[in-house]
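Notes for the one structure printed next.
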Amino acid sequence: MSGIDKVREGLVNLEIENIQPVTREALDAGAAPLDIALEGLGNGMKQVGDLFQSGEYYLADLVLAGETMKEAMKMLDPLVTGEARAEKGPVVLFAVKGDIHDIGKILVSTVLFASGFNVKDLGVDVTEDQVVDAVKGNGASLVGMSVLLSPMIGSLGDVVDALKEAGLRNSVKIAIGGACTSPELLEKFGLDAMGKDAVDAVRIFEGWYDQGL
Ligand code: B1M
């Protein structure tokens with residue numbers, strides 16, 4: 001089994017005590033930190049989601065999976081982002097109002113940062129007013145919203161409305177992503193792009209950066 005597979009398995013088995021040692025083992029065996037994060041941890045969380053859906057894992061297991069992932073990221077994050085210069089952006093990134101899922105957003109943030117973006121991560125359960133303040137305060141023209149809960153999809157529209165009201169909508173590009181997003185939401189809320197994963201998010205923001213944003 002490869003080092004990355006061992007990390008994935010450690011996460012799926014919720015081995016919080018052992019996740020840093022197996023992550024170290026994978027690094028020592030030559031695995032790239034970003035590959036461990038995306039293939040090991042990202043895919044591991046997806047497997048955990050499937051186990052929850054099939055009734056094998058409970059909510060407490062999901063919480064532990066999130067903590068286990070964050071333990072591994074403590075080691076990987078400085079390695080992934082260490083050389084990065086944060087020259088592009090800023091990108092205002094957050095999970096929408098009512099949504100506290102942050103694993104995917106953390107991966108997006110890490111990969112954007114590693115690609116040279118200055119990421120202003122506002123965290124989770126972020127209100128439209130906080131977004132407007134962050135866009136204004138940072139002079140940002142790039143915004144990324146993460147949403148995993150279907151009942152919170154309306155929060156996307158609240159952000160768009162608040163940006164319009166503040167006279168900022170025409171000066172920002174907005175990307176969305178997360179398990180419950182679909183291309184139909186772009187038209188519904190007047191959004192600009194949807195990313196299916198962290199690498200896709202980078203592709204979108206790089207494209208806008210290349211256009212001078
Ligand atoms: Co929750 N949860 N959860 N949960 N949880 C889901 C999302 C769910 C699909 C599980 C299920 O029922 N099958 C379901 C939502 C159903 C729906 O509405 N469609 C659900 C539910 C219902 C809930 C609660 C309501 C449960 C309850 O309390 N009864 C509750 C809600 C809390 C709240 O937010 N208010 C809840 C709570 C939790 C935990 C706290 C226990 C935990 C979160 C821990 C944490 O994040 N720190 C949790 C988890 C772990 C999940 C699942 C199992 C896994 C999510 C995850 O981390 N995936 C999830 C099931 C699933 O998604 N299949 C589920 C791995 C991650 C790498 O992928 O987040 O999709 P993802 O991110 C990807 C891409 O989507 C994309 O890139 C990322 C990296 O590749 N991406 C972007 C994400 N954001 C992007 C932004 C971009 C671009 C790409 O541009 C800006």
Side-chain angles (χ1 to χ4, degrees), residues 1-52 57 61-95 99-124 142 144-148 175-179 181 194-206 209:
M1 190 187 286
S2 76
I4 290 180
D5 280 337
K6 279 191 191 165
V7 172
R8 185 184 43 71
E9 202 174 85
L11 175 62
V12 174
N13 293 332
L14 310 174
E15 293 167 5
I16 193 161
E17 303 293 336
N18 199 34
I19 200 72
Q20 289 206 349
V22 287
T23 303
R24 165 57 51 208
E25 222 179 276
L27 288 167
D28 289 346
L34 197 54
D35 292 343
I36 301 176
L38 294 179
E39 292 168 30
L41 301 173
N43 289 342
M45 279 306 293
K46 282 184 190 132
Q47 262 180 270
V48 168
D50 293 343
L51 289 165
F52 178 65
Y57 273 11
D61 298 315
L62 296 189
V63 176
L64 183 53
E67 295 309 312
T68 305
M69 154 115 189
K70 285 176 188 172
E71 276 302 297
M73 285 306 290
K74 277 185 204 163
M75 283 180 78
L76 296 173
D77 206 43
L79 299 173
V80 174
T81 58
E83 304 280 304
R85 291 243 196 107
E87 302 162 324
K88 311 172 197 170
V91 177
V92 170
L93 183 71
F94 57 94
D99 199 330
I100 63 161
H101 294 87
D102 66 352
I103 303 288
K105 176 185 64 60
I106 288 171
L107 285 180
V108 171
S109 170
T110 299
V111 183
L112 277 174
F113 198 83
S115 309
F117 282 91
N118 173 10
V119 181
K120 302 291 178 196
D121 188 339
L122 307 185
V124 297
L142 303 175
M145 306 200 256
S146 183
V147 57
L148 271 75
I176 59 166
T181 54
M194 190 195 116
K196 61 180 183 341
D197 56 31
V199 174
D200 205 25
V202 172
R203 178 191 60 78
I204 291 167
F205 287 114
E206 288 280 9
Y209 175 74

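Positions are given from 1 along the sequence.
- Ser115 contributes a side-chain N or O that, together with a main-chain N or O of Val111, makes up a donor-acceptor pair within less than 3.5 Å.
- To the nearest 0.5 Å, the span separating CG on Leu14 from CG on Leu62 amounts to 9.0 Å.
- Annotation: Lys6, atom NZ; neighbour count of heavy atoms from other residues, nucleotides and ligands within 6.0 Å does not exceed 12.
- Here Leu107 contributes atom CG and Leu76 contributes atom CG; the two are 10.0 Å apart, rounded to the nearest 0.5 Å.
- Residues Ala31 and Ile4 come closest through the heavy atom pair CB-CG1, 3.9 Å.
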Using a 3.5 Å cut-off and no angle test, enumerate the donor-acceptor pairs between side-chain atoms of residues 35-50 and protein atoms at least two apart in sequence or in another chain.
unit_1 : atom_1 : unit_2 : atom_2 : d
Asn43  : ND2    : Glu39  : O      : 3.1
Gln47  : OE1    : Arg8   : NH1    : 2.9

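- When all heavy atoms of Gly178 and Leu148 are compared, the pair lying nearest together is CA-CD1, 4.1 Å.
- Annotation: the span from Leu112 atom CG to Asp121 atom CG amounts to 10.0 Å, rounded to 0.5 Å.
- Annotation: the span from Leu93 atom CG to Phe205 atom CZ amounts to 7.0 Å, rounded to 0.5 Å.
- Taking CD of Gln20 as the start and CG of Leu27 as the end, the distance is 10.5 Å to the nearest 0.5 Å.
- Listed by first then second residue, pairs satisfying salt bridge (Lys or Arg N to Asp or Glu O under 4.0 Å) with a partner in residues 10-23 number zero, not counting sequence neighbours.
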Give the table of side-chain donor-acceptor pairs shorter than 3.5 Å for residues 68-75, with sequence neighbours excluded, one pair per line with atom names and distance.
unit_1 : atom_1 : unit_2 : atom_2 : d
Thr68  : OG1    : Leu64  : O      : 2.7
Lys70  : NZ     : Asp102 : OD1    : 3.3
Lys70  : NZ     : Asp102 : OD2    : 3.0
Glu71  : OE2    : Lys74  : NZ     : 2.6

